[in-house]
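Step one of this worksheet: look at the structure below.
So you know, we letter chains A, B, ... as the sequences are listed, proteins then strands, and number each from 1.
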2 protein chains.
Amino acid sequence: MISGVKIPTTRNGKATFNIIVETAIELFYINGYHSTTIGNITSEAGIGAGTFYLYFANKKALYTYILMEFQHDIRKRIATKVNQVEGRFEKEKEGLKTFIKYALENPHSYNIIWESLYIDRELFINYYDTFAKRYEVGLKESVEKEEMYDVDTELVSYILMGVSNFIGLKVLLKLGDNNSNVDQIVDNVMNIIRTGIFK
Amino acid sequence: MISGVKIPTTRNGKATFNIIVETAIELFYINGYHSTTIGNITSEAGIGAGTFYLYFANKKALYTYILMEFQHDIRKRIATKVNQVEGRFEKEKEGLKTFIKYALENPHSYNIIWESLYIDRELFINYYDTFAKRYEVGLKESVEKEEMYDVDTELVSYILMGVSNFIGLKVLLKLGDNNSNVDQIVDNVMNIIRTGIFK
DNA sequence: TCATAACATGAAGACTTATTCAATAAATAT
DNA sequence: ATATTTATTGAATAAGTCTTCATGTTATGA
């Protein structure tokens, strides 16, 4: 499937594969990708050093596999939630809320996605480029339905991704004050986006 | 001054110090912090391996020095430009434009600042926390002058930093289309922020 | 010009890490 | 029950990197 990754066939093999992935997610989060060695992963996972290479060609293949998993997961979750509400404003609100809550429940994913810029720029570009393109589809529909002004949907998707990511950052890293009530933060942000800030 | 950094006193020493810094900025940008070795830096700079340690205790001390320089530089430039125009809207527009242009002229700085999250989380937090706090000062003044609604200035500062950073990202990495005309991009973004996107 | 402080060198040693591979075990199909 | 595929091990090797230090050079002020 993904190059450099060998999916095991047996029950045992799958268990070993999974423990490698879970351990790596944790260690990448705590110490970062570059400071995590294959030795760290195997010893923490309680397996032999050589076992790693049964399933992954190297550390980057493992990282790429994990990134793809999170990517799939987060997109699916946002899409599901957004489909449950009507109207562009409500959809954006739900999307932002889902993103922040996902990041809070799963801080590993947030870190790993951003870190891709410093592991393989292609991965990072691919991630945000495709995210933006999918975002645009929904925005264009809303423009057609006249729920939104006739804005540059590409720019708007980057603006909204920027807002989501930095509010996520603030909440995750507890930057500044008032980071506890996610629903209220999202309400405030959406009100600011709706009303604007300038008189 | 900064711990782990020895500033040279003579003309020759300063030249060597500078070539280390310039070479490192370039290599950190091209290959990233973690993939850049002291050996890479010294050989690329054309100096002996031991010379590095005359001025820097280790790679992180050098990185921190570079980060601080960029931080100082970019803030000063934005402050100068923003002071030349009147009204909050014009100030924000000028700030965004200056930020993007700085990033374009100096893509090294952008990379190095973001990478700090994966080198030393403290550095990253400190960077955005103090940036946000300074941002808030201006925003609060504008609220008092009634140029802006009575918004949560902390949230607004993170929203605007998110927008700046992701538009910067788009332009720098050439994500999507239309990344050539910075003035026009900034005009579009500011119009979106002013008018809002929702009908 | 000479003493002194600053600057510069790069080989050497200590350390860390990735990766292979021959040997072994476990699971599964026939 | 046996053959065969799959999974596992960890010592050994190879490669890379940091950092020190004994030695040498350069600049400069008295």
Side-chain angles (χ1 to χ4, degrees), chain A residues 1-66 115 118-120, chain B residues 1-66 115 118-120:
Chain A
M1 201 70 64
I2 295 169
S3 75
V5 178
K6 168 92 198 306
I7 307 288
T9 56
T10 71
R11 181 192 300 262
N12 269 5
K14 277 176 183 157
T16 305
F17 182 94
N18 285 336
I19 202 171
I20 291 174
V21 170
E22 294 307 317
T23 306
I25 288 173
E26 196 62 31
L27 291 179
F28 287 165
Y29 178 62
I30 298 170
N31 301 322
Y33 173 81
H34 293 283
S35 301
T36 302
T37 66
I38 312 276
N40 293 154
I41 296 169
T42 53
S43 72
E44 185 70 20
I47 60 175
T51 307
F52 179 89
Y53 295 94
L54 291 177
Y55 303 110
F56 302 98
N58 47 47
K59 194 167 66 163
K60 190 140 120 196
L62 167 60
Y63 171 83
T64 306
Y65 175 82
I66 291 171
E115 196 170 15
Y118 300 103
I119 294 166
D120 184 337
Chain B
M1 202 71 63
I2 294 168
S3 74
V5 178
K6 169 91 198 307
I7 307 287
T9 55
T10 71
R11 179 192 301 262
N12 270 3
K14 277 176 183 156
T16 305
F17 183 93
N18 285 336
I19 202 170
I20 291 174
V21 170
E22 294 306 318
T23 306
I25 287 173
E26 196 62 30
L27 291 179
F28 288 165
Y29 177 62
I30 297 171
N31 301 321
Y33 173 82
H34 293 283
S35 302
T36 302
T37 66
I38 313 277
N40 294 154
I41 296 169
T42 52
S43 73
E44 185 70 20
I47 59 174
T51 307
F52 180 89
Y53 296 94
L54 290 176
Y55 303 110
F56 302 97
N58 48 46
K59 193 167 66 164
K60 190 138 121 197
L62 167 59
Y63 172 84
T64 307
Y65 175 82
I66 292 171
E115 196 169 15
Y118 301 102
I119 294 165
D120 185 337

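- Separating the CD1 atom in A:I25 from the CG atom in A:L62 is a distance of 8.5 Å, to the nearest 0.5 Å.
- The phosphate of D:dA7 has OP1 or OP2 within less than 4.0 Å of a side-chain N or O from A:T9.
- Put simply, CZ on B:F56 is 19 Å from C1' on D:dT20, counting in whole angstrom units.
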Find every protein N or O atom lying less than 3.5 Å from an N or O atom of nucleotides 8-15 of chain C, and list the pairs.
unit_1	atom_1	unit_2	atom_2	d
C:dA8	OP1	B:T16	OG1	2.4
C:dA8	OP2	B:T16	OG1	3.4
C:dA8	OP2	B:Y55	OH	2.6
C:dT9	OP2	B:G48	N	2.8
C:dT9	OP2	B:T51	OG1	2.8
C:dG10	N7	B:G50	N	3.2

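- Using the six-membered ring where Trp is involved, A:F17 and A:Y65 have ring planes that are perpendicular, over 60° apart on the 30 and 60° scheme.
- When the nucleotides D:dT19, C:dC7, C:dA18 are ranked by their closest atom to the side chain of B:P8, C:dC7 comes out on top.
- The backbone N or O of B:E115 sits less than 3.5 Å from a side-chain atom of A:Y118, completing a donor-acceptor pair.
- When each of C:dC7, D:dA7, C:dT20 is scored by its nearest atom to the side-chain atoms of A:T10, the top-ranked nucleotide is D:dA7.
- For the pair B:N58 CG and D:dT17 C1', the computed distance is 14 Å after rounding to whole Å.
- A donor-acceptor contact shorter than 3.5 Å links the side chain of A:K59 to the backbone of A:T36.
- Aromatic ring pairs are classed by plane angle as parallel below 30°, tilted from 30° to 60° and perpendicular above 60°; the pair A:Y33 and A:F28 is tilted.
- Here D:dT17 presents its C1' atom at 12 Å from CD1 of B:I41, a figure rounded to the nearest Å.
- The CD1 atom of B:I20 lies 5.5 Å from the CZ atom of B:F56; values are rounded to the nearest 0.5 Å.
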